[in-house]
*Asks:* 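Input: one structure, supplied below.
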Amino acid sequence: MTTPRLPAEFRLVEMDSVDSTNAEAKRLACAGAADGTIVWAQRQTAGRGRRGRTWTSEPGNLYASFVLRPGCAPMQAAQLTFVAALAVRDLLSIYLNNSDSIACKWPNDVLVEGRKISGILLETSTSGSGVVDWLGLGIGVNLRHHPDIGGRHPATNLCAEGAGEVDASSALENLAIEFAKRRTEWLQGGFASVREAWLKHAYGLGRTAHIKLENASHSGTFMGIDESGALRLEADGGAERQFAAGEVTFERSD
Ligand code: BTN
C-alpha cells in the first residue's frame with residue numbers, strides 16, 4: 001500500500017493492525033501527540049462504533065482517527081463531527097458520478113442512496129479549564145466491503161455503488177485534503193457556515209423521523225438542526241423539540 005501524501009498540517013502514524021485507531025489516537029494524545037496526527041490502520045481488531053457497537057474492520061476499507069486540539073469548549077468541539085461528515089461527503093463525490101445521492105444523516109453518518117457508507121466517532125478529553133485537551137475523530141469509510149446490518153438504513157460500500165476499486169491510501173489522502181478545507185471553513189466562518197453546508201446535504205429533511213433516547217423515543221417531522229447542531233423535530237401539533245443526542249431512523253419516502 002502506498003503512503004498517502006497529506007497536507008502539511010498532518011502527520012501520519014501508519015499501522016498494519018491495531019485494536020482501534022481511536023484507541024491508538026487516545027494513547028498518542030495522552031502521550032502528547034500534536035494536533036493533526038492521523039492514525040491509519042489497514043485493519044482493526046476491536047473497531048468501535050457509536051453506542052458501544054462493534055465496527056467491522058477487515059482490510060480494504062478506510063479506518064483513520066485524527067488527533068485534534070481545537071482549544072475550545074466541548075460543545076464547539078462536537079461541531080467537528082459535522083465538519084468531518086461534510087469532508088467525507090466531499091471525498092465520496094470525487095469517486096461517485098451522482099453526488100446528489102450522497103447525504104449526511106444526523107448526527108454523524110454519511111449515506112449513499114439511503115445506505116450507510118461511513119460512520120464517525122468523536123471522543124474527547126477535557127481539562128479542568130473547560131477546554132478540550134484533545135479529541136479523537138475516528139472515521140470509517142466502506143470502500144470495498146460492508147457488513148450486513150439490514151434495517152431501515154442498511155450498509156453499502158463505494159465499490160458496490162459503482163465507483164470501482166478505491167484503495168485506502170488514496171481515500172485517506174483525499175479525506176485529509178477535504179477535511180483541511182472544511183476545518184478552515186469552520187475556523188473562519190464558525191458553525192453557521194458548516195450548518196448551512198450540512199443542511200444542503202441533510203438526509204430526510206421534511207420527512208417523519210423517530211429518535212430513540214436512553215429511556216424514551218419521539219417522532220416528528222425532521223426540520224434540520226439548530227445553531228448548536230441539535231436535531232429539530234416538529235410534532236403533529238406544530239410544537240418543536242430539539243435533541244442533542246439520540247439514534248434516528250426515517251420513515252420511507254415512498
Ligand atoms: C458509527 O457509525 O457507529 C461510528 C463508526 C466509527 C468507525 C471508525 S473506524 C476508525 C475509528 N476507529 C474506531 O474504532 N472507530 C472509528
Side-chain angles (χ1 to χ4, degrees), residues 1 4 10 12-30 33 37-68 78 80-89 91-92 102-112 114-125 134-158 166-169 171-176 178-179 203-204 211-212 229 231 245-250:
M1 182 74 61
F10 300 112
L12 186 66
V13 175
E14 195 175 340
M15 310 179 88
D16 183 43
S17 178
V18 69
D19 50 354
S20 150
T21 56
N22 262 36
E24 182 65 13
K26 177 178 180 175
R27 290 188 285 266
L28 294 176
C30 291
T37 302
I38 299 180
V39 182
W40 171 46
Q42 301 306 319
R43 62 192 285 268
Q44 301 183 114
T45 54
R48 309 205 283 243
R50 289 170 57 229
R51 304 183 170 265
R53 293 194 196 104
T54 299
W55 187 259
T56 312
S57 304
E58 295 150 39
N61 290 344
L62 176 62
Y63 314 108
S65 298
F66 291 52
V67 175
L68 302 172
L80 281 161
T81 57
F82 295 94
V83 174
L86 284 170
V88 169
R89 193 186 169 278
L91 162 76
L92 298 171
I102 315 166
C104 299
K105 175 174 173 277
W106 189 91
N108 43 21
D109 291 342
V110 182
L111 311 181
V112 175
R115 297 181 282 270
K116 179 163 171 168
I117 196 163
S118 172
I120 296 161
L121 180 66
L122 180 83
E123 295 176 317
T124 56
S125 169
W134 58 263
L135 167 166
L137 186 61
I139 302 175
V141 184
N142 297 337
L143 302 176
R144 296 178 188 213
H145 51 80
H146 62 266
D148 183 11
I149 55 172
R152 197 59 65 79
H153 305 291
T156 189
N157 70 72
L158 206 45
V166 174
D167 66 74
S169 173
L172 178 58
E173 194 168 301
N174 286 316
L175 176 64
E178 301 305 333
F179 181 77
Y203 182 80
I211 183 163
K212 214 163 100 194
L231 176 101
E247 200 67 17
V248 175
T249 50
F250 288 88

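Read the numbers this way: they start at 1 and go in the same order the structure lists the ligands and their atoms. Keep in mind that the numbers below use all heavy atoms, side chains included, and drop hydrogens, waters and symmetry copies.
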*Asks:* Rounded to the nearest 0.5 Å, what separates atom NE2 in H145 from atom OG1 in T156?
*Replies:* 12.5 Å
*Asks:* Write 'none' if nothing qualifies; otherwise put on separate lines each N/O atom of ligand 1 with a protein N/O atom under 3.5 Å away and their distance to 0.1 Å.
*Replies:*
residue: ligand 1; atom: 2 (O); partner: K116; partner atom: NZ; Å: 2.6
residue: ligand 1; atom: 3 (O); partner: R50; partner atom: N; Å: 2.7
residue: ligand 1; atom: 12 (N); partner: T21; partner atom: OG1; Å: 3.0
residue: ligand 1; atom: 12 (N); partner: Q44; partner atom: OE1; Å: 2.9
residue: ligand 1; atom: 14 (O); partner: S20; partner atom: OG; Å: 2.7
residue: ligand 1; atom: 14 (O); partner: Q44; partner atom: OE1; Å: 3.4
residue: ligand 1; atom: 14 (O); partner: R48; partner atom: N; Å: 2.7
residue: ligand 1; atom: 15 (N); partner: R48; partner atom: O; Å: 2.7

*Asks:* Please step through salt bridge (Lys or Arg N to Asp or Glu O under 4.0 Å) for the pair K26 and E123, ending with a clear verdict.
*Replies:* CA-CA 8 Å; K26 177 178 180 175; E123 295 176 317; over 6 Å; no
*Asks:* Let me confirm one number: the CG-CZ distance from L121 to R50, rounded to the nearest 0.5 Å.
*Replies:* 8.5 Å
*Asks:* Does the side chain of T249 come under 3.5 Å of the side chain of R152 through a donor N or O and an acceptor N or O?
*Replies:* no
*Asks:* Just jot down the side chain to side chain contact (heavy atoms under 4.5 Å, CB included) partners of S65, sequence neighbours excluded, or say none.
*Replies:* T21, N22, A25
*Asks:* Applying salt bridge (Lys or Arg N to Asp or Glu O under 4.0 Å), run through D19 and R43 and close with a yes or a no.
*Replies:* CA-CA 8 Å; D19 50 354; R43 62 192 285 268; over 6 Å; no
